[in-house]
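Naming: A, B, ... by sequence-line order, numbering from 1 per chain. As a basis for the values below, the full set of heavy atoms in this structure was taken, side chains included, without hydrogen atoms, waters or symmetry mates.
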There are 2 protein chains.
Amino acid sequence: MSAADETAERAAGDEQPWDEVTPEAAKKLLVAAVEAFAERGYHATTTRDIAGRAGMSPAALYIHYKTKEELLHRISRIGHDKALEILNAAYDGVGTPTERLADAVRSFVRWHAGRYTTARVVQYELDALSDTHRTEILGLRRQSDAVVRRILNEGVEAGEFDVPDVPGTTVAVLSLCIDVARWFNTQGRRTPDEVGALYADLVLRMVSAQKK
Amino acid sequence: MSAADETAERAAGDEQPWDEVTPEAAKKLLVAAVEAFAERGYHATTTRDIAGRAGMSPAALYIHYKTKEELLHRISRIGHDKALEILNAAYDGVGTPTERLADAVRSFVRWHAGRYTTARVVQYELDALSDTHRTEILGLRRQSDAVVRRILNEGVEAGEFDVPDVPGTTVAVLSLCIDVARWFNTQGRRTPDEVGALYADLVLRMVSAQKK
DNA sequence: CCCGAAGGTGAGCAAGCGCTTAGAGCTTGA
DNA sequence: TCAAGCTCTAAGCGCTTGCTCACCTTCGGG
């Protein structure tokens, strides 16, 4: 089994997400919140809407979460942990920097497309977090950035990549992947796998040493 | 003067934007709204906040705009017109598809970075528009998409580009440029010109025929 | 068999929201 | 000279918001 397949299995394996959220009612509310936040945005979503989607009364929300913002924070934290785990799995995989970069982009994009409602909340609702919570989350994002930069640097050292501006290219690669959550939707013609494959190819072209 | 320089001049030339908005008070309110929407998002911004930034009373807003949503629509419309104009200028420029694609990416990215508050509202607050207004704006976005796709197709026909998936690559190129508005900020180390140059280079690598 | 903890509800509070209205001040042309 | 017509404000209306509270159920352990 190749490193790519292993990562694919891992990403596809836990397609019953939010299992870490208990009890059942808290999970139902959280899933409802993800849907609502992704659809309308955090500030346009009311606690009545979230509770309604979960089939509960508005007051039920406050048994499991102190505030609406705490709900967002739980979602954001779990999502960022997952995103970072995906990148780390690719970094720790076997293979050349080229293979591991392709692996990282493929699985990272697949997650942003396949779980685009979650990813949208995770990537585009940071501003709605409290100062404390946002600071915590930004720490995780810096780690994601560092993982990609490390792969690029290793590829340059190995002579596989020609990247004049590693920090700039790191930002661009992550940006390209993250933005998938904005435009992807299930009505589109492509599957998450297809987008992942396309993007892995495009990113490799961006960094490959030109053979002239 | 090259085609690239002409576009640069045009993009840099009207750095006193919103000149089409009159009278003065309406412009002041609109600029205040752009700042507030970019900072907090449409739904988290109050009409009192907008009026306050413009140094006026909350009621003053309703002399110049029927609703808060109409304000967003004016901003979105003007911004999308500008973005489309930038892409069209690059398309209509002289030069090979390679030069015109680089020109398009460079000036499009420069706008998203240099005017990132406006771009943020334009690109990330579409959902807050009314159905009618959103439909109108989506028409402009489809035109932007078409321009980029046309340049890619012409490059493929000319044998300059190796792009197996033109629609997918079109989405990726636009996505990469648009996302600049999300992460760019004036505290960063790069100028809009530098980001534009970097991204033009990255995009050319994505589409260039590989010389093996 | 009853008790207390835990999970749930209906009603509703205080605050803040988008927006309106009555009228004040300033400019302008008959 | 002054009525007409803008532009703007102070005050506030009706409504929705995030969140609370008194109370009701369900259920495992003494």
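At least one test fails for B/K68 against the ring of B/F37: distance under 6.0 Å to the centre or angle within 45° of the axis. Cation-pi contact between B/R74 and B/Y65: absent, since separation from the ring centre below 6.0 Å together with deviation from the ring axis within 45° is not met.
Side-chain proximity of B/A60 to the nucleotides D/dC19, D/dT9, C/dT9 is greatest for D/dT9. Among D/dC19, D/dT9, C/dC19, the nucleotide with an atom closest to any side-chain atom of B/T67 is C/dC19. Taking every side-chain heavy atom of B/M56 into account, D/dT9 is the closest of D/dT9, C/dG8, D/dG18.
Remark: A/H43 is not in phosphate contact with D/dT17, judged by side-chain N or O atoms under 4.0 Å from OP1 or OP2. Close to D/dG18, at under 4.0 Å from its OP1 or OP2, lies a side-chain N or O of A/T47.
Atoms OH (A/Y62) and P (D/dC21) sit 13 Å apart, rounded to a whole Å. The nearest whole Å value for the distance from the NZ atom in B/K27 to the P atom in D/dT7 is 15 Å. Separating the CD atom of A/E70 from the C1' atom of D/dG18 is a distance of 14 Å, rounded to the nearest angstrom. Computed from coordinates, the B/D49 CG to C/dG16 C1' distance equals 13 Å when rounded to whole Å.
Under the 3.5 Å distance criterion, the side-chain polar atoms of A/Q123 are left unmatched by any main-chain donor or acceptor of A/A181.
Within the nucleic acid shown, A/T46 comes within 4.0 Å of sugar-phosphate atoms alone, with no base atom in reach, counting heavy atoms only.
Salt-bridge formation is not detected for the pair A/R141/A/D145: no Lys NZ or Arg NE/NH1/NH2 atom is positioned less than 4.0 Å from an Asp or Glu carboxylate oxygen.
At a cut-off of 3.5 angstrom, the base of C/dG18 holds at least one donor-acceptor pair with the side chain of B/R48.
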